[in-house]
Amino acid sequence: MKEDHMPEVMGKLVYQCIECKSEFDIFDFIYTCPKCNSLLKIENTEADCLKKKSGKQWATLFDARKSTNRLELSGIFRFHELILPILPLEDIIYLGEGDTPIVKTNKELSGWIGTECFVKNDGLNPSASFKDRGMASAISFLNHAIKVKNIDNVLAICASTGDTSASAALYLSYLPKEKVKSVVLLPKGKVTPQQLSQPLGSGAEVIEIPGVFDDCMRIVEQLAQEYNVFLLNSKNPVRILGQKSYAYEVAQQLGWNTKDLVVVVPIGNAGNITAVMQGFVDLYSLGIIKELPVILGVQSLHADPVVRWWKTGAYSPIKITPSVAQAAMIGDPVSFPRVKKLVEEHFDGKFYTIAVTEEEIMEGMLIANRHGHAVCTQGGESIAGLKKAISEGLISNAHRFVVDSTSSQLKFSTFQQMYFTDTIDPVYGIKTKNELKNNPISMDADSSAIARHLGLKRR
Ligand SMILES: *Cc1c(COP(=O)(O)O)cnc(C)c1O
Ligand SMILES: [Zn+2]
């Protein structure tokens, strides 16, 4: 018997150009508009069907699915109708992504930040970053497309600051090897050893090139333009679809009450913040939430093109200086035009940005780590941005806050180690604080010497 909260295949998806609005077949592997070269988004041309249910009915349905033990609906596809409604359930690739916890800051950390907040720990995804959300939608779609189009061999490729490649390689490794080849392009020396080990371990072909992420991105853009490859960067709007689940989960975890909510997101290539904003717009347009939250985007002063745009109204790509928030170290975010559109159309007056120093990012991470949150440098960036926004009066602490920690602390432990051992390159401009350092102490295997060292009293 069919359970009544199971999704049905429905709707019709097309690529739609965000500028000229031309529409294209979703099964064509294109990533920019063939007419005007702008970015594409995915539109459900039968989205009005979704309005047959009230906001309350949707909320009840998603709440019922939250307790299901159907694996395909345990992750981002709890929100099937809002992500890829055309996808048959048997084509879903579920590796354990999504459904990550929100964790309240304790008294000490709240005091340091200047407000209590929830940290949503997206490091608790299968490849340890939020990228798995969009990869689950992209690879499930690819899995479906291979069947629909009867494709025999496809080359799936991405450029990466580390986590996209880790995620892409993991999800691709689940598909049949004779159908799909997995290739990632990384900027040599600009990803952490942990991040490099991930695609290697998953069996992807890893190509390292000199330069930074933006250079890798240019190459895969050329490949995607001139050859028939499946692009796994968030330029591909099917990635954005899955990443919207972050917003859906936040709303659900707050009982669908988004009143006075501020969501704090680090910005790199701007795919994540696009998806988070679009996700809340979806919920709002279906009446599932009653108001859109405020979005606070955070960047490092070493890579802050979106903050500069927000402050001046003029956008230009910038040349970046190395940042410890390495996964967000991008001078020309591919999804910037999507952000601009969303701000103009939906978040006017509800979109803020702030830039933080490298020192603030490191302290945000280290101090959060000392108070129960295994956040990465980008999570530290979010926390530092919230602290600064409150202390500068940009946003009052009379709101509720959810802070996005986009990956696991473990991926960025080399920055922690450099801080603790005072070996951070001067280019970051970080002055370390002794009270935040922690290093192992070597001692002999001698209990009385260790007891003496710890100041223990004999009983
Ligand atoms: C990719 C990434 C970001 C930046 O997200 P964008 O979608 O590129 O803006 C932030 N943090 C981590 C850990 C990432 O992997
Ligand atoms: Zn166009």
Side-chain ([X]) to main-chain ([Y]) donor-acceptor, under 3.5 angstrom:
X: T100; Y: D122; value: no
X: S182; Y: A169; value: no
X: T192; Y: K411; value: yes
X: K244; Y: L82; value: yes
X: N236; Y: R239; value: no
X: R338; Y: K235; value: yes
X: T357; Y: E360; value: yes

Any chance [atom1] of [X] has more than 12 other-residue heavy atoms, nucleotides or ligands included, within less than 6.0 Å?
X: K177; atom1: NZ; value: yes
X: K104; atom1: NZ; value: no
X: Y284; atom1: OH; value: no
X: K147; atom1: NZ; value: yes
X: K12; atom1: NZ; value: no
X: K340; atom1: NZ; value: no

Only residue of V220, V154, I157 satisfying side chain to side chain contact (heavy atoms under 4.5 Å, CB included) with V229 is I157

Test item: [X] and [Y] side chains (from C-beta on) under 4.5 Å apart, heavy atoms:
X: S140; Y: Y94; result: no
X: F351; Y: M277; result: yes
X: L232; Y: M135; result: yes
X: S202; Y: L172; result: no
X: Q252; Y: R78; result: yes
X: L89; Y: H80; result: yes
X: Y31; Y: L40; result: no

For [X] and [Y], does a side-chain donor sit closer than 3.5 Å to a side-chain acceptor?
X: Q195; Y: D163; value: yes
X: K52; Y: Q57; value: no
X: S129; Y: T406; value: no
X: D404; Y: N272; value: yes
X: S160; Y: S165; value: yes
X: S127; Y: D132; value: yes
X: E358; Y: S323; value: yes
X: E97; Y: Y171; value: yes

Indicate the atoms forming the closest heavy-atom contact of [X] with [Y], along with that distance.
X: S335; Y: S234; result: OG-O, 4.2 Å
X: H144; Y: I86; result: NE2-O, 4.1 Å
X: P333; Y: A270; result: CB-CB, 4.0 Å
X: L87; Y: D91; result: CD1-CB, 4.0 Å
X: C20; Y: C36; result: SG-SG, 4.0 Å
X: E392; Y: I354; result: OE1-CD1, 3.9 Å

Any salt bridge linking [X] with [Y]? Criterion: basic side-chain nitrogen under 4.0 Å from a carboxylate oxygen.
X: K21; Y: E23; value: no
X: R218; Y: D215; value: yes
X: E249; Y: R133; value: yes
X: E19; Y: K341; value: yes

Going by the side chain to side chain donor-acceptor pair (under 3.5 Å) test, name the single residue among T377, N369, N121 that passes it with Q409.
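Of the listed options, the one satisfying the test is N369.
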
Intermediate values then yes/no, side chain to side chain contact (heavy atoms under 4.5 Å, CB included), R308 and Y315
CA-CA 7 Å; R308 289 181 197 217; Y315 176 80; over 6 Å; no

Can the positive tip of K120 be found less than 6.0 Å from the middle of the six-membered ring of Y246, inside 45° of the ring normal?
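Yes - K120 lies over the ring of Y246, closer than 6.0 Å to its centre and within 45° of its axis.
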
Taking the six-membered ring of W112, is the NZ or CZ of K387 close enough (under 6.0 Å from the centre) and on axis enough (within 45°)?
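Yes, a cation-pi geometry.
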
Before you tell me yes or no, could you show the steps for I295 and I273 under side chain to side chain contact (heavy atoms under 4.5 Å, CB included), namely the whole-Å CA-CA distance, both residues' side-chain angles and the distance that decides it to 0.1 Å?
CA-CA 8 Å; I295 304 293; I273 197 162; 3.7 Å; yes

Step by step, would you call T274 with K41 a side chain to side chain contact (heavy atoms under 4.5 Å, CB included)?
CA-CA 11 Å; T274 296; K41 62 177 181 170; over 6 Å; no

Going through the checks in order, is the side chain to side chain contact (heavy atoms under 4.5 Å, CB included) test met by F62 and Y248?
CA-CA 10 Å; F62 294 141; Y248 306 153; over 6 Å; no

Does the separation of the ring centres of F401 and F118 fall below 6.0 angstrom?
no

Step by step, would you call F141 with F27 a ring-ring contact (aromatic ring centres under 6.0 Å, His included)?
CA-CA 9 Å; F141 174 75; F27 292 111; 5.6 Å; yes

